[in-house]
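Since the structure comes first, as structure tokens, the remarks are kept for the end.
In what follows, chains are A, B, ... by sequence order, proteins preceding strands, each numbered from 1. None of the values given here were measured: they were computed from a predicted structure.
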Number of protein chains: 2
Amino acid sequence: MTTRSPGIPIGDTTVADVARLAGVSVATAARALGNYGSVSARSRELVSAAASELGYRPNMVARSMITKTTRTVGVIVGDIENHFFLSALRGITDRLDAFGYDVLLANSAEELDREQRALQAMVERRVDGLIVTPAQVSDRELLSELIHQGLPVVLLDRRIRGLRADSVGIRNREAGRIATDYLLDRGHRRIALITGAGAEHREALHAEDPRELKTVRASTSGTRASGYRQALAAAGVPFIPDYISVAGFRREDACLATLALLNLPAPPTAIVTLDSGLTLGALQAFRQAGIRCPEECSLIGFDDAEWAEVVSPPITVMSQPVVQLGERAAERLVQRLNGEVLDVAAIRLSATLIERSSVAPPPG
Amino acid sequence: MTTRSPGIPIGDTTVADVARLAGVSVATAARALGNYGSVSARSRELVSAAASELGYRPNMVARSMITKTTRTVGVIVGDIENHFFLSALRGITDRLDAFGYDVLLANSAEELDREQRALQAMVERRVDGLIVTPAQVSDRELLSELIHQGLPVVLLDRRIRGLRADSVGIRNREAGRIATDYLLDRGHRRIALITGAGAEHREALHAEDPRELKTVRASTSGTRASGYRQALAAAGVPFIPDYISVAGFRREDACLATLALLNLPAPPTAIVTLDSGLTLGALQAFRQAGIRCPEECSLIGFDDAEWAEVVSPPITVMSQPVVQLGERAAERLVQRLNGEVLDVAAIRLSATLIERSSVAPPPG
DNA sequence: ATGAAAGCGCTAACAC
DNA sequence: GTGTTAGCGCTTTCAT
């Protein structure tokens, strides 16, 4: 039940008003309201009665002014429509909520300037910490400066070389290796990989010398590709640059890439797609080209999307514990927010292979 | 290039510091920095030089204190993992970003107390406005009070009876009718509908008297169901309560519901699912029961999910312009934030039917 | 165009 | 346990 009359704008009544009505000092009222210091039971009652009569609502911005903490963390995601971020966000908000933090959300849309603007805005709003999925081509300048200044930052999914910040993600190389090994074990030798990495990484990904991959190592794709090459090498299967297809980020790109792969003189008998959007694209290509999966071409994807077991064939995937990833990022951040002194850590969780029906031995 | 030395915490330098270094008054420095009032070109230069030398960063919280505006809008979504909200969020953040507003995000997880807490937190943080997808069972008390106090609020997707707030969504009755008509036109007479509405709506949805639907009209499901019944009535097809299946919100619920429907003495020859998760569940059930779609049972879903055209069969859906819905909500809110005096409006966009291959004439 | 000074609503010393 | 007071960093009269 609300005792106050309607039409009174929010924030019209202050602690001073409450104090006056309760017949106590502002300090006492503030203590009672803010639940700190010591207040007698009687004062507490008086104050809370006055507060509810006046419809008092604490003003966090005034409080932040003094305490220099906003209990807000900024979250910058690369692409808000990507299911990965969505689930991660779920983990982040749930955990953060439990610790009493609110989330200021920004979508960089993988654009550098939007990321920078978001970063700027968050600093000006004095967020207590940041969880960031740096855009593909990220300017480490500002982020790095903020970290130096002591702002707690945790990087999600992607890492940035030389940035002294915690990061949370899966063991990408291992995941790439497991997926490839799985295919190798079933007899595949012509295994293609479709990645969504930016075109700027094409050369490194195609290079004969695996050490070139170092330049793209910060990207999840580069690391997964490196796992793929490790697996091939271990099995004595030669690396064929043409089998690495650097598609764009959209599904259509992956569809085209798959079609191109299928038209190669020696087309692959199996394909690994590095994210769920790409998997969808490959599936679409199979359909268009009339290729039966897994009979004619096997497929293994990344990320266990909601549709993965409903499509036909149900897709075998490397499943990332996405919600957990978000949770861990939030937890790590909260530790720092609590003032714990921690070494910079790269928190890695394992992706797990979920066997379904999109992989079979190669034809013939 | 950053001129300041590292290690200086954010917010350590204030306008006063800048003013001192620039040799001007705080007022002048503030005017130059905040880009208001009038400042001579010379002062402006002096100030901005001093500012960058000191690495000055405006403090929005102090500014908000004075201006009583935070340039922040709160967004409360019902289920952050639902693709619908995700896309809507994309529309919201993009538009809001363009207008210079930041987003404070909260996930109510369809729980009333979390919604209330989020609302409370946002008020205390003095957001300038709110975009809310009220939880299924929403307590209109607080929201209603806030609206009365003049806080701009726009409701997304769902509406709340008796709440004087703008709302944005699709024409649900029309959409329900179109989907049903489409099936009717192809000869179906036994058409089932699977909704995710809470169990509390089961009775009203099953009632013989369509007027009962009024009680669930605020829910999107109720209104869509009402369109379904309109269509049946217009075609002279009797309404069969058993054909309305009130599933939970999870995919498994829909799967079970579909299985039950299929086991009816006179099973439906077509099914309408009211959201994409339910569609996935129905598909799963078809697979489990070995039912061929559309040959044995047709299916028409709501929401054009990314996988809709890749599954087999590709699903015919009522596509909601989700991103646009988010954009319109944001735009409407900004208008109010700008002080425009507007009547309360229910902004309705149309859903469109996307024909694919999950609908065929009934068997036999 | 500029400056001095008065707060915004709250918390944090510091007395009592 | 309570009150007084001094700010937090900024904007905003109101003079000049």
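Put simply, the side chain of A/R31 and the base of D/dG3 share a donor and an acceptor less than 3.5 Å apart. No hydrogens or angles were tested; on distance alone, nothing pairs the side chain of B/R126 with the base of C/dG9 as donor and acceptor under 3.5 Å.
Computed from coordinates, the A/R57 CZ to C/dC10 C1' distance equals 18 Å when rounded to whole Å. Between B/R20 atom CZ and D/dC10 atom P there is a gap of 12 Å when expressed in whole angstrom units. Here D/dG9 presents its C1' atom at 14 Å from NZ of B/K68, a figure rounded to the nearest Å. Atoms CG (A/D12) and P (C/dC10) sit 11 Å apart, rounded to a whole Å. Counting to the nearest Å, the P atom of C/dT11 and the CG atom of A/N59 are 9 Å from each other. For A/E124 and D/dT11, the CD to P distance is 11 Å, given to the nearest whole Å. One can place CZ of B/R63 at 9 Å from P of D/dT12, the figure rounded to the nearest angstrom. Between the CE atom of A/M60 and the C1' atom of C/dC10 there is a distance of 11 Å, rounded to whole Å.
For A/A30, counting side-chain heavy atoms from C-beta on, the closest listed nucleotide (C/dT11, C/dG9, C/dA5) is C/dT11. Listed nucleotides: C/dC8, C/dA4, C/dC10. Nearest to the side chain of B/A27: C/dA4. Listed nucleotides: C/dT2, D/dG9, C/dA12. Nearest to the side chain of A/T67: C/dA12. Of the candidates D/dG9, D/dG1, C/dT11, D/dG9 carries the atom nearest the B/I66 side chain, counting heavy atoms from C-beta on. Considering only side-chain atoms of B/S25, the nucleotide from C/dG3, C/dC10, D/dT4 that sits closest is C/dG3.
For B/R164, the CZ atom sits in a loose shell: 12 or fewer heavy atoms of surrounding residues, nucleotides or ligands are nearer than 6.0 Å. Atom CZ of B/R125 is surrounded by more than 12 heavy atoms from other residues, nucleotides or ligands within 6.0 Å.
A/Y36 has no side-chain polar atom (N or O) that falls below the 4.0 Å cut-off from OP1 or OP2 of D/dG1. Not one side-chain nitrogen or oxygen of A/T14 sits closer than 4.0 Å to the OP1 or OP2 atom of C/dC8.
DNA chain C is contacted by both B/A62 and A/L33; B/A62 maps to the nucleotide lying nearer its 5′ end (nearest heavy atom per residue). Between B/G37 and A/M65, the residue anchored nearer the 5' end of DNA chain C, judged by the nucleotide with its closest heavy atom, is B/G37.
Of all the heavy atoms in B/G37 and B/R31, the pair that sits closest is CA-CD, 4.1 Å.
Across all strands, B/V61 comes closer than 4.0 Å to no nucleic acid atom at all (heavy-atom distances). Residue A/S43 is in sugar-phosphate contact alone, with no base atom involved, counting any heavy-atom pair closer than 4.0 Å across all strands shown. Nucleic acid contact class of B/T28 (heavy atoms, under 4.0 Å, all strands): sugar-phosphate only. Across all strands, A/S38 comes closer than 4.0 Å to base atoms (heavy-atom distances).
Side-chain contact, A/E145 with A/Q149: a donor N or O sits under 3.5 Å from an acceptor N or O.
Residues A/V18 and A/V26 fail the side-chain proximity criterion, which asks for heavy atoms closer than 4.5 Å.
Using modelled atom types, no side-chain atom of B/R158 and backbone atom of B/L155 make a donor-acceptor pair closer than 3.5 Å.
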